[in-house]
Number of protein chains: 2
Amino acid sequence: MKKKKVSIYDIANRLEISSSTVSRALNDHARISEKTKLAVRRVAKELGFEKNHLASGLITNKSFTISIIVPAVNRNFFASAITGIEKVASENGYTVLICQSHDQYEREVKLIDTLIINRVDGIIASLAINTEEFDHFRKAKNAGIPVVFFDRVCHEIEDTFKIVVNDFNGAYLATRHLAEQGFKRIAHIGGYQSQNIFRERLAGYKKGLSEFNLPFDEGLVRYCALNTDDGTKLTEELLQLKPRPDAIFCANNLTAISALAYAMDHNIKVPEALGIVGFSEETVSSLLKPAITSIRQPSEQMGKLAAQKLLEEIDAESSDNMDYTEIELRTELIVRASSKLE
Amino acid sequence: MKKKKVSIYDIANRLEISSSTVSRALNDHARISEKTKLAVRRVAKELGFEKNHLASGLITNKSFTISIIVPAVNRNFFASAITGIEKVASENGYTVLICQSHDQYEREVKLIDTLIINRVDGIIASLAINTEEFDHFRKAKNAGIPVVFFDRVCHEIEDTFKIVVNDFNGAYLATRHLAEQGFKRIAHIGGYQSQNIFRERLAGYKKGLSEFNLPFDEGLVRYCALNTDDGTKLTEELLQLKPRPDAIFCANNLTAISALAYAMDHNIKVPEALGIVGFSEETVSSLLKPAITSIRQPSEQMGKLAAQKLLEEIDAESSDNMDYTEIELRTELIVRASSKLE
DNA sequence: TTGTAAGCGTTATCAG
DNA sequence: CTGATAACGCTTACAA
């Protein structure tokens with residue numbers, strides 16, 4: 001059921017002026033008299049007029065909507081990136097369409113189609129964990145929709161901005177920290193190597209080990225989708241190895257939290273018998289006992305930057321002169337009880 | 001920068017048929033020959049045609065978009081309600097626009113305006129914690145946009161579906177459980193009483209107390225926005241009272257988590273010296289040590305129901321014969337270590 | 001400063 | 001089964 005809509009014609013009729021004048025008045029056009037503008041605005045309010053975005057979008061070819069695709073909104077990193085994006089977007093009059101891929105490639109592909117159909121003005125995305133093909137993003141680009149990647153980016157599509165952190169360095173900092181604390185058998189719960197950032201984190205981990213002359217042992221490494229179930233299962237696997245690892249560097253924080261829970265359930269003292277470091281923070285990271293050491297990412301800042309770059313590209317007349325850069329932000333090691341021995 | 005778009009005319013020209021035939025073919029209209037349909041679909045694909053939703057929405061007066069407004073997406077309850085909504089929506093060909101009010105009334109009002117302008121087909125909302133006026137929702141209704149409330153509902157607008165849990169009973173179960181365990185001075189960290197659900201939870205708490213002949217002491221009750229900072233601060237306040245409360249029933253789980261963290265930081269044994277029960281679950285509730293007892297809500301189910309009711313209303317010819325009911329689902333007490341004495 | 005009229009890309013109506 | 005033509009509600013030359 002839909003009520004009758006009031007259009008600019010209704011306002012025009014009421015004031016006995018033309019619809020174009022109404023349109024211009026509502027858009028605060030320069031050469032419309034203040035008097036007319038005021039009258040129009042008054043009547044608009046009186047009649048409860050709401051501009052139809054579909055109609056104006058049809059002609060201006062703009063929807064003033066940008067869309068975010070993330071694996072899941074209930075992870076702290078993504079939630080705060082979204083908050084950053086929302087801030088920049090709403091300051092500039094854009095509506096934000098938030099979509100979840102639920103870490104499924106197929107869903108991501110479908111979402112892109114929906115977004116093209118809806119004529120969003122731009123897309124900000126962090127890839128699903130099993131996304132290894134990028135034709136859908138190419139398609140969006142071909143449809144004239146700018147794309148900005150953040151966090152889990154795609155290097156195969158070069159004509160896009162990319163906002164990342166130095167994952168390699170973050171992982172290196174984490175591993176080095178564990179080594180400095182005296183841990184010798186440092187395991188790693190990593191993300192599927194399909195995503196670049198998880199390859200980087202693995203590489204950083206390796207560098208951290210080698211710097212302390214610790215051997216890299218493939219048997220101490222596991223790859224997964226980084227959810228809590230994976231974390232629990234793989235922690236169990238790792239802790240049943242003989243000899244047992246004495247520390248775990250987790251590629252995200254959900255797995256670090258489950259590793260901690262598993263250890264406590266099995267009376268393995270953290271950090272004495274098992275040091276734990278995570279990557280990226282959850283709200284509860286600092287509330288857990290022991291609190292979890294982790295690599296902090298400037299997530300909201302990343303979101304803001306992504307949005308700024310996207311709007312820049314949307315506003316650009318032609319994409320020919322775009323200077324597509326990859327922007328790398330810094331991570332920070334936050335040392336807490338889960339890894340501090342002395 | 002925008003690329004040239006391919007429209008149904010391009011397809012029509014290529015095949016030397018009319019645009020209306022193309023339109024019908026693409027919409028799988030009944031009396032178009034299979035042959036034409038196939039040809040149209042082939043050329044559409046060839047040319048990379050993407051239907052323009054703005055244009056079709058303009059004429060059909062439908063955007064096939066529904067919107068969700070929640071306080072914050074990174075709370076487990078809302079995230080899984082969203083997941084439920086997404087499932088039902090996408091099964092029915094709807095796109096979901098997720099918006100955050102960040103628990104601010106003003107933002108909620110603005111969002112509604114944006115949604116009206118964007119001609120969404122319906123809105124599902126859980127109110128910001130300080131929302132006590134509902135004109136913005138009235139406005140949406142007047143614009144012909146159905147609204148369904150869930151969780152934090154608004155009884156003032158009667159012509160809407162409402163999906164809730166039995167908050168009163170949930171709180172009662174929680175409090176009774178604590179009393180059964182032998183706790184005597186049970187405090188309550190509640191939500192601002194502007195929201196109905198938090199009044200209900202307070203009432204359920206009172207009933208739980210009175211059933212065990214425990215006096216209701218206003219001094220043991222605090223009201224807040226239920227974020228982690230509030231949780232920490234108010235736990236501190238409560239635990240400095242003399243005599244000290246020996247248990248806390250928290251109106252959500254973030255505050256329960258912060259209460260637990262505070263207690264552990266101050267060497268207050270949970271549950272021996274302090275029993276804790278929360279309301280609604282976070283992903284980590286069961287992973288914490290001790291794991292947190294809480295009231296489980298069927299959040300995804302609530303989302304699904306809300307979406308179903310909304311689509312029902314959207315599909316209804318007129319809202320006159322709508323049977324607006326309030327649907328109440330059941331909660332469940334999940335007992336874990338944080339409240340179990342023996 | 002304002003009006004006229006064309007047109008954005010679809011779908012709906014009516015005719016054939 | 002298919003085509004012509006008029007909408008949908010707005011913006012924007014171009015004209016006045």
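Within every chain, numbering begins at 1; the chains are lettered A, B, ... in the order of the sequence lines, protein sequences first and strands thereafter.
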Engineer: Does any N or O in the side chain of B:Ser67 come within less than 3.5 Å of the main-chain N or O of B:Leu97, such that one atom is a donor and the other an acceptor?
Structural biologist: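 Yes.
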
Engineer: Between A:Val147 and A:Ile157, is a side chain to side chain contact (heavy atoms under 4.5 Å, CB included) present by the stated rule, with each step listed?
Structural biologist: CA-CA 10 Å; A:Val147 176; A:Ile157 300 195; over 6 Å; no

Engineer: Could you list by number each residue of residues 10-17 of chain B showing a heavy-atom separation from DNA chain D of less than 4.0 Å, or answer none if no residue does?
Structural biologist: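 The answer is B:Ile17.
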
Engineer: If you measure only the distance, is there a donor-acceptor pair under 3.5 Å linking the side chains of A:Tyr324 and A:Lys309?
Structural biologist: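 Short answer, no.
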
Engineer: To the nearest 0.5 Å, how far apart are CD1 in A:Ile85 and CD in A:Gln308?
Structural biologist: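 These two atoms lie 11.0 Å from each other.
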
Engineer: May I ask you to test the A:Lys62-A:Tyr94 pair for a side-chain heavy-atom distance under 4.5 Å?
Structural biologist: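 A side-chain contact under 4.5 Å exists here.
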
Engineer: What are the bounds, 5' to 3', of the part of DNA chain C that sits under 4.0 Å from heavy atoms of chain A?
Structural biologist: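 Footprint of chain A along DNA chain C, 5' to 3': C:dT1 to C:dG9.
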
Engineer: So does A:Lys110 have more than 12 non-hydrogen atoms from other groups sitting under 6.0 Å from NZ?
Structural biologist: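 Open.
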
Engineer: How long is the straight-line distance from CD of B:Gln195 back to CD1 of B:Ile129, given to the nearest 0.5 Å?
Structural biologist: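 Spacing of CD1 (B:Ile129) from CD (B:Gln195) equals 6.5 Å.
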
Engineer: Answer whether the closest heavy-atom distance between the side chains of A:Glu86 and A:Ile68 falls below 4.5 Å.
Structural biologist: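 No, side chains not in contact.
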
Engineer: Please verify the inter-ring angle class for A:Phe149 with A:Phe137; under 30° counts as parallel, over 60° as perpendicular, anything in between as tilted.
Structural biologist: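 Ring orientation, 0 to 90° scale: perpendicular.
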
Engineer: Would you mind building the protein contact string for nucleotides 8-16 of chain D? One character per nucleotide, 5' to 3', B for base within reach (heavy atoms under 4.0 Å), S for sugar-phosphate only, - for untouched.
Structural biologist: BBBBBB---

Engineer: Anything under 30° is parallel, anything over 60° is perpendicular, the rest tilted; go ahead and classify B:His53 against B:Phe64.
Structural biologist: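 Geometry flag for B:Phe64 against B:His53: perpendicular rings.
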
